[in-house]
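Scroll down for the structure; my scribbles are underneath it.
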Amino acid sequence: METLTQTTKINLLGLDEKAMQEFFHTLGEKPYRAQQVLKWIHFQGVSDIQSMTNLSKALRDKLQDIAEIRIPEIAYESTASDDTHKWLIRLADGNCIETVYIPEKERGTLCVSSQVGCTLNCDFCSTGKQGFSRNLTSAEIISQVWVAVRGLSQSGTLHDRAVTNVVMMGMGEPLLNFDNVVSAMNIMLDDYGYGLSKRRVTLSTAGVVPAMKQLREVSDVALAVSLHAPNDELRNVLVPLNKKYPLKELMAVCQDYFKEDKRRHIMMEYVMLAGVNDTPAHAKQLITLLQDVPAKVNLIPFNPFPSTIYKRSDDATILRFREILMAAGINALTRKTRGDDIDAACGQLVGQVKDRTRRSERHRKSIAQAQ
Ligand code: SF4
């Protein structure tokens with residue numbers, strides 16, 4: 001596999017069909033070249049331009065002078081006891097991101113990162129504590145799918161499983177890297193790319209309200225919201241972005257989000273934190289909050305990480321919470337915890353972040369002082 005180095009050549013890996021057509025237009029080539037090259041890269045998994053045999057030799061040579069398919073290096077990978085697979089992917093600038101594959105009976109879900117670290121610093125999230133370095137490029141986002149699909153098809157043990165679903169739920173807030181995330185998702189949806197249906201690609205947001213409105217105009221992927229609290233007071237602590245976009249604004253956009261298709265729902269992610277947001281009173285507040293929103297609720301048993309003050313709600317508490325929601329007609333399910341023995345579970349992705357915010361340093365100091 002090609003090791004990633006900084007070059008000035010254009011990286012074809014991150015171009016969606018429109019961008020690829022524009023690129024070929026500048027070369028005086030027909031639009032269908034875009035489809036041919038997309039298919040080579042994402043369907044066939046080719047990273048060598050000379051292997052694209054339905055392009056003339058002259059065009060391949062010309063392409064090779066100005067473009068390339070830069071695949072990042074896999075720094076490390078591991079498989080958990082439940083077959084969850086994690087890749088640590090090293091980027092050209094030395095930052096590392098994490099991508100996780102979760103195999104299930106009927107599907108294989110890939111959890112993809114959108115930023116190196118995250119600026120939002122949700123209180124229960126390990127990624128948030130690592131600080132933030134930068135947005136990923138569209139090539140770096142889609143490269144995670146490329147690496148996973150190739151890796152799974154080449155692996156002796158995982159060969160029979162494919163990526164059927166992608167969730168933009170890895171490191172980072174996808175809507176704060178809007179253009180690059182949309183381009184990468186376009187490639188996931190494109191028949192010449194990964195051909196996934198709009199219901200099988202999910203973007204998860206902490207609630208960047210203006211960007212949610214923008215997203216609705218340009219992409220019809222599925223939407224998940226990291227809700228985690230049923231009132232502003234608690235959500236201001238757990239998801240500090242709530243101070244900027246409080247629940248009233250967030251619920252207003254959610255209410256209308258799938259107005260063109262009444263059958264679609266928003267998945268509300270709700271991490272279960274013992275004694276914090278998991279009481280029957282919280283469940284009742286949640287029912288009121290969601291009364292006009294086409295929503296399903298995904299209850300996520302918290303995955304503790306070193307230094308966190310939070311604890312996972314016990315199974316009986318989660319079951320009681322779920323039953324209260326279901327009795328009120330809200331479809332609620334409890335997410336199975338996967339990959340926690342390799343720190344691949346939800347909220348545990350950390351990568352290696354060259355933190356520009358110095359938040360990780362402050363976090364380390366506060367832990368040391370508390371000990
Ligand atoms: S939960 Fe998501 S948005 Fe919040 S800090 Fe973690 S990665 Fe960022």
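Bear in mind the structure is a predicted one, so any value in this text is a computation, not a measurement. Whatever order the structure lists them in is the order used to number ligands and atoms, beginning at 1.
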**OP:** Nearest 0.5 Å please: distance from the OG1 atom of Thr99 over to the CD1 atom of Ile89.
**Re:** 3.5 Å
Original post:
Ser226: heavy atom below 4.0 Å from ligand 1, yes or no?
Top reply: no
**OP:** Could you grab the distance from atom CG of Asn277 to atom OG of Ser313, nearest 0.5 Å is fine?
**Re:** 6.0 Å
Subject >> Proximal atoms of ligand 1 relative to Asn121 (non-hydrogen, under 4.0 Å) >> reply: 5 (S)
Subject >> Which residue and heavy atom of the protein sit nearest atom 5 (S) of ligand 1, plus the separation >> reply: Cys122 N, 3.2 Å
Subject >> Donor on one side chain, acceptor on other, Glu173 and Thr205, under 3.5 Å >> reply: yes
**OP:** Closest by any non-hydrogen atom to atom 2 (Fe) of ligand 1: pick that one out of Gly117, Gly128, Gly172, Ala206.
**Re:** Gly172
**OP:** Could you tell me whether any N, O or S atom belonging to Cys118 is less than 2.8 Å from atom 8 (Fe) of ligand 1?
**Re:** yes
**OP:** State whether Cys125 contributes an N/O/S atom found under 2.8 Å from atom 4 (Fe) of ligand 1.
**Re:** no
Original post:
What distance separates Phe132 CZ from Met171 CE, expressed to the nearest 0.5 Å?
Top reply: 10.0 Å
Subject >> Polar contact flag, side-chain donor to acceptor under 3.5 angstrom, Asn95-Ser133 >> reply: yes
